[in-house]
2 protein chains.
Amino acid sequence: MAALSALVALSSRKHLVRAFTTSNVARSHSIIRSVDVTPAPALIHSGRSSLVRLFSASTDLSAEQKAVLEAQIKSKGDEIRALKDSGADKATVAPLVEELLALKAALDPSSAKPKKEKKKNNNGKKKEVKVDEQSDFITPRAEDYSKWYNDIIRVTGLAETSPVRGCMVIKPWGMSLWETVRDDLDKRIKEHGAENAYFPLLIPKSFLSKEAEHVDGFAKECAVVTHHRLTADPDGEKGLIADPEAELEDPLIIRPTSETMIWHMFKKWIISHRDLPVKINQWANVMRWELRTRPFLRTSEFLWQEGHTAHATREGAVEDSVAMINNYAKLCEELLAIPVVKGCKSPSERFAGAEETYTIEALMQNGWALQSGTSHFLGQSFGKAFDVTFQDKNGNQSDVWGTSWGVSTRLLGALIMTHSDDAGLVLPPKVAPLQIVIVPIQPKKNDVEGKAAMEAALDKLSDELKGAGLRVKVDDRDYVRNGAKYFEYERKGVPLRIELGPRDLAKGECVFKYRVGEEGKIAVNLSDVVSTATEGLDAMQKQLFDSASQRLKNGINTEATYEEMRDALKGDEASEFNGSGLYLVPWKCDAENEDKIKEECKATIRCYPLDHNKEGDIEGKTCFYSGEPATHMALFGRAF
Amino acid sequence: MAALSALVALSSRKHLVRAFTTSNVARSHSIIRSVDVTPAPALIHSGRSSLVRLFSASTDLSAEQKAVLEAQIKSKGDEIRALKDSGADKATVAPLVEELLALKAALDPSSAKPKKEKKKNNNGKKKEVKVDEQSDFITPRAEDYSKWYNDIIRVTGLAETSPVRGCMVIKPWGMSLWETVRDDLDKRIKEHGAENAYFPLLIPKSFLSKEAEHVDGFAKECAVVTHHRLTADPDGEKGLIADPEAELEDPLIIRPTSETMIWHMFKKWIISHRDLPVKINQWANVMRWELRTRPFLRTSEFLWQEGHTAHATREGAVEDSVAMINNYAKLCEELLAIPVVKGCKSPSERFAGAEETYTIEALMQNGWALQSGTSHFLGQSFGKAFDVTFQDKNGNQSDVWGTSWGVSTRLLGALIMTHSDDAGLVLPPKVAPLQIVIVPIQPKKNDVEGKAAMEAALDKLSDELKGAGLRVKVDDRDYVRNGAKYFEYERKGVPLRIELGPRDLAKGECVFKYRVGEEGKIAVNLSDVVSTATEGLDAMQKQLFDSASQRLKNGINTEATYEEMRDALKGDEASEFNGSGLYLVPWKCDAENEDKIKEECKATIRCYPLDHNKEGDIEGKTCFYSGEPATHMALFGRAF
């Protein structure tokens with residue numbers, strides 16, 4: 001840990017900025033973005049968008065960069081003209097026009113002009129720049145990180161807002177990510193010894209009241225079902241109304257979490273020490289009425305898994321909750337390439353009803369923390385509240401000890417904000433729904449033999465890669481230009497693109513282009529494709545994790561005074577790309593002081609990191625806030 | 001079809017009874033049940049049950065059967081005494097005592113005495129025989145098929161009632177079955193070209209009203225969310241109440257199905273013919289407020305998948321809905337070994353808003369039908385209701401055509417009622433969560449070498465079987481007797497039990513015992529285990545399907561007059577094991593007559609079977625009810 005601390009000690013806001021910039025450069029690699037050392041100028045409009053965005057850009061281009069751009073602009077212009085001449089429709093040409101405009105904007109920002117002027121806002125207020133729902137523009141991170149996040153979700157088809165307040169529609173690309181997370185985690189959960197089950201969506205309101213802290217935590221904002229029928233409004237004005245004759249005697253709430261229902265069932269299932277431990281997991285939707293929502297990060301309805309276990313001993317329960325937080329950390333690190341800080345929550349931040357809450361905290365690119373999974377040691381609180389006892393080996397009745405643990409679709413938010421860049425999603429290969437897209441450069445129309453050879457080569461290539469367990473697709477749509485395809489898959493974060501044209505085929509080669517990491521295009525012998533792709537994707541997975549780990553290290557400030565932290569954090573909004581990061585400080589556990597800091601800095605204790613709260617870690621240290629002897633090393637930060 | 005018709009023509013109530021009895025015998029095979037040619041005498045009580053059931057049994061035992069039973073009783077008694085002498089606790093001995101009592105009851109029904117008398121019911125009413133929630137008694141099918149069904153679900157741990165009206169808890173064994181169904185079907189759905197997504201649980205009530213028929217179908221019984229917060233009752237009497245200040249302006253309903261939400265989104269997603277077809281599937285929970293519920297078959301909340309597709313042409317949509325009903329039929333036949341009748345619903349039985357509803361109908365052991373999956377051709381109804389249009393190749397706007405299709409946890413009800421017997425669940429190997437259980441007969445306590453050899457042999461056996469892709473568990477619990485283990489796995493429907501004792505090991509053998517099919521125990525050379533097990537399980541899968549297919553054939557009456565059908569069906573309750581089956585008859589489509597028949601016979605048109613409604617099938621036939629020229633061959637029956 002000494003080496004880590006030394007590294008961390010070096011970190012400062014300046015270092016953080018540098019780290020981000022460097023990683024940004026490392027990831028910039030496409031034709032357009034290869035000149036994108038400073039935040040890129042860009043423009044974007046979709047076929048249906050009526051709004052166009054414009055922003056200033058750096059003109060610090062070298063002569064060489066300018067020459068490259070000018071050549072690219074000419075070539076793109078030729079391509080578009082040829083396409084138009086061949087009778088292509090507007091939809092086909094549009095992506096190329098976008099690329100052309102982006103190139104022009106890179107060369108000369110003033111060339112990026114709005115196609116349609118937004119209606120003038122004459123009341124003198126600051127001009128509101130509104131992004132159309134259908135726009136395919138991605139706000140650069142440096143301009144507004146929050147907007148960038150929303151743009152990424154929209155343009156890559158991960159999710160969409162729904163007509164129900166605070167609820168989202170998870171679209172196929174996003175759902176596929178969640179399914180991969182689910183399948184991976186489900187195996188870990190089963191190896192942990194838990195079995196899947198399913199409990200009712202609705203919970204009698206009286207259940208909530210049984211655990212005193214739990215009711216405070218969850219009764220406040222929940223969806224309440226009061227009727228079981230709609231009927232036509234007798235006045236005819238309101239259409240359908242809740243039928244007054246179908247009012248429930250006892251309202252039900254939509255589960256915000258299922259401890260109460262599951263402990264109600266545990267009482268039936270647990271009789272003897274032979275029945276313990278019980279380990280149950282459920283994959284389900286839950287609902288918490290949220291006022292401020294962000295897709296994936298905080299929505300009223302979300303998907304998650306919730307594990308619930310019952311044990312004969314305190315030790316058994318503690319061990320279980322620790323084992324699960326370790327499982328969650330491994331899931332993040334091994335599948336999603338997200339490094340996390342494991343720790344305990346402060347008493348104020350614990351789950352309602354828990355004696356200890358373990359958490360994994362990840363650091364987003366904007367310097368904010370994201371709680372990515374929690375595991376709760378419940379003590380005997382639910383055992384007592386639901387009167388769940390067991391007969392021990394000596395025939396005595398004892399209260400049962402419990403845990404609960406969960407991760408949710410929030411992990412997809414963490415995934416986006418850990419790896420992605422201004423060009424779109426970046427997905428670690430292990431979680432990418434599609435790992436390789438093969439884009440053929442088709443032989444000429446009349447070249448029948450060439451076409452047959454190409455078909456055969458594509459089939460062979462695709463079969464070989466699939467045979468190696470890789471997720472592969474050939475995109476041979478003939479009504480979309482390759483440039484538009486490249487653009488689309490780059491945005492969607494497909495880790496590897498393979499291009500195959502007649503000339504490559506003649507040479508027995510194809511061309512690899514990685515989403516991040518390897519710069520430029522690489523010629524690969526067709527007989528080496530499987531091994532090269534497998535190694536390349538493994539390397540990308542590792543590189544993404546290493547890069548995020550470095551950022552996490554650099555992003556934890558360790559030498560700050562309280563005042564320095566306060567000044568850095570209080571205005572450090574989510575929208576700011578290069579945020580101030582996290583603060584690891586000696587701390588005397590105190591709920592009142594914690595509240596004061598929250599008010600002054602808008603920062604919370606993310607956790608007491610396990611790695612920094614080992615024996616001796618706080619010896620001789622004093623609280624950075626109160627000056628009293630420290631009880632913990634605490635990690636403070638702004639958080640989603 | 002002529003051969004089938006001839007077979008079917010032979011069927012009658014008597015034949016049906018014989019078919020069931022035969023299949024029952026074929027499945028009876030355990031020690032206790034090997035004398036179970038007539039409905040078995042049995043008694044059961046669990047450690048915690050305060051109620052014991054008693055019923056009369058046949059005493060038609062042959063001298064040989066009696067001798068076998070007497071020997072078994074002696075041996076079981078010895079076993080129990082030895083166990084008690086060794087200081088075993090009550091829980092360990094209990095299952096053996098149950099087996100002993102069952103053996104005694106088989107030999108002499110009068111030996112089965114209630115342990116505790118039920119409180120006397122002195123008001124002269126018919127004695128109500130109530131089964132305790134915790135009882136592990138399985139009512140024989142011949143006594144009461146409905147109770148048998150509920151008993152199977154309870155004693156095998158498939159599901160349990162919950163404290164929320166009409167909602168069940170799906171327990172691990174049941175959930176595991178559902179997960180296997182889900183994984184298998186998910187592959188078929190993806191091959192069909194649909195992608196998974198997730199849509200909000202809640203639907204604005206105004207959405208329901210948009211499709212006129214749909215609102216009639218679903219507004220009647222649905223859960224209505226009217227508030228978003230609970231608060232303490234100011235009068236203090238009611239505890240928590242829905243907070244009057246948190247009433248929603250527009251109530252939301254919990255989705256009974258998601259057509260409305262999904263077509264609302266389709267409007268955003270579909271612009272051009274290039275966007276079509278759109279094929280979306282979601283795995284979700286839905287809720288319909290049901291008055292009469294049965295686990296898996298009809299519950300207020302259930303799990304399902306719902307597919308929704310949009311097409312440019314009528315043909316495209318019809319083709320899609322037909323393809324999916326075929327996929328569902330294959331799922332039932334190939335995975336669950338359930339043969340089904342594919343057909344169209346009559347207009348009265350169509351999905352609310354559909355132009356055509358395709359269905360698969362399965363025949364349960366009690367002669368009732370179970371609708372097991374449906375696929376709807378929606379025409380342009382939702383396209384028009386939600387104003388979803390697309391621009392065709394010529395630039396014209398057209399309404400979009402739609403389909404929807406779904407299967408639910410109801411399939412588990414079909415699974416139970418197709419294969420299981422009085423001894424418990426019978427699971428086709430492909431869907432069994434556990435396909436093989438290995439139960440060791442442990443060497444003596446002091447035989448260290450023998451124990452090591454046994455350990456090694458168990459590991460090898462288990463690894464080899466797992467290596468062949470089989471789902472295997474070794475049950476080496478030392479606190480449960482093997483007899484109790486056999487009993488447990490038989491009930492749970494594990495297709496194959498492998499016993500391995502020191503003597504077997506010395507001979508290089510183990511012992512196979514199949515849940516159904518192969519009679520008796522079979523010695524298998526240890527080197528042949530994988531191939532023998534694989535073949536045996538495949539054979540069982542096939543045998544279960546063949547046996548159910550035969551029953552379906554026999555269970556369709558084809559020569560009945562309306563009066564015969566009416567007399568047979570009107571009193572043919574779900575509880576009657578040997579029900580009257582289904583009736584395939586010429587029919588003139590007429591909603592009024594359909595209603596009358598429903599009233600008189602309690603029977604509905606299950607479908608117009610596709611196989612019996614081909615060209616020429618109704619030529620010259622007259623409706624069995626009205627005598628008018630027939631329009632369809634209709635399949636009538638009682639149904640869950």
Side-chain angles (χ1 to χ4, degrees), chain A residues 48 91 133-134 160 162-164 167-172 175-176 178-179 195-209 215 219-231 239-242 251-254 261 264-265 268 271-272 274 280 284-285 287 289 301 303 479, chain B residues 48 91 133-134 160 162-164 167-172 175-176 178-179 195-209 215 219-231 239-242 251-254 261 264-265 268 271-272 274 280 284-285 287 289 301 303 479:
Chain A
R48 300 177 72 218
E133 247 190 22
Q134 301 289 340
E160 199 167 317
S162 85
V164 179
C167 295
M168 64 177 166
V169 172
I170 305 178
K171 295 171 78 174
M175 201 60 200
S176 185
W178 178 241
E179 287 178 342
E195 295 181 299
N196 286 343
Y198 186 78
F199 297 83
L201 170 72
L202 299 178
I203 293 181
K205 68 175 173 54
S206 58
F207 275 33
L208 267 198
S209 324
V215 65
K220 282 170 198 158
E221 298 300 338
C222 59
V224 189
V225 175
T226 55
H227 295 72
H228 65 81
R229 192 186 306 137
L230 291 176
T231 190
L240 291 171
I241 58 165
L252 298 160
I253 64 158
I254 298 180
M261 178 60 76
H264 174 89
M265 299 310 294
K268 300 187 176 192
I271 313 295
S272 135
R274 292 264 191 239
I280 289 289
N285 52 343
M287 183 159 267
W289 211 264
E301 184 189 10
L303 302 182
Y479 55 89
Chain B
R48 301 178 71 219
E133 247 189 22
Q134 302 289 340
E160 199 168 317
S162 85
V164 179
C167 296
M168 64 179 166
V169 172
I170 304 179
K171 296 172 79 174
M175 201 59 200
S176 185
W178 179 240
E179 287 178 343
E195 294 181 299
N196 286 342
Y198 187 78
F199 296 83
L201 170 73
L202 300 177
I203 294 181
K205 69 174 173 53
S206 57
F207 275 33
L208 266 198
S209 325
V215 64
K220 283 172 197 156
E221 299 299 338
C222 59
V224 189
V225 175
T226 54
H227 294 72
H228 64 80
R229 191 186 305 137
L230 291 176
T231 190
L240 291 171
I241 58 165
L252 298 161
I253 65 158
I254 297 179
M261 178 60 75
H264 175 88
M265 300 308 295
K268 301 188 176 192
I271 312 296
S272 136
R274 290 267 192 237
I280 289 289
N285 52 344
M287 183 159 265
W289 211 265
E301 184 190 12
L303 303 181
Y479 56 89

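Atoms considered below: every heavy atom in the structure, side chains included; atoms not considered: hydrogens, waters and symmetry mates. First the proteins, then the strands, lettered A, B, ... as listed; each starts at 1.
Looking at Pro251(A), neither its backbone nor its side chain comes within 4.5 Å of chain B, counting heavy atoms on both sides. Interface residue Met168(A): only backbone heavy atoms are found under 4.5 Å from chain B. In this structure, the portions of Thr226(A) lying under 4.5 Å from any heavy atom of chain B include both its backbone and its side chain. For Leu240(A), the parts lying under 4.5 angstrom from a heavy atom of chain B are both the backbone and the side chain. With a threshold of 4.5 angstrom between heavy atoms, Leu202(B) approaches chain A through its backbone and through its side chain. For chain B, the nearby part of Glu301(A) is the side chain; its heavy atoms alone come within less than 4.5 Å.
In this structure, the side-chain contact (heavy atoms from CB on, under 4.5 Å) partners of Ala197(A), at least two apart in sequence or on a different chain, are Phe199(A), Ile280(A), Pro172(B). Here Phe207(B) pairs with His264(B) under the ring-ring contact (aromatic ring centres under 6.0 Å, His included) rule; sequence neighbours left out.
Each of Lys171(B), Met261(B), Met287(B) has some count of heavy-atom pairs under 4.5 Å with chain A, and the biggest count is that of Lys171(B). Between chain A and the options His228(B), Glu179(B), Met265(B), Glu195(B), the largest number of non-hydrogen pairs under 4.5 Å is found for His228(B). Interface check for chain A: of the options Pro204(B), Cys222(B), Ala242(B), the most heavy-atom pairs under 4.5 Å are formed by Cys222(B). Most heavy-atom pairs under 4.5 Å with chain B: of the set Ser162(A), Pro163(A), Ala223(A), Gly239(A), this distinction falls to Pro163(A). The most heavy-atom pairs under 4.5 Å with chain B, out of Leu208(A), Leu303(A), Ile203(A), Leu252(A), come from Leu303(A).
The distance from the CD atom of Glu221(A) to the CG atom of Leu230(B) is 10.0 Å, given to the nearest 0.5 Å. The SG atom of Cys167(A) sits 7.5 Å away from atom CG of Leu201(B), with the distance rounded to the nearest 0.5 Å.
Closest of all the heavy-atom pairs between Met175(B) and Asn196(A) is CB-O, 3.3 Å.
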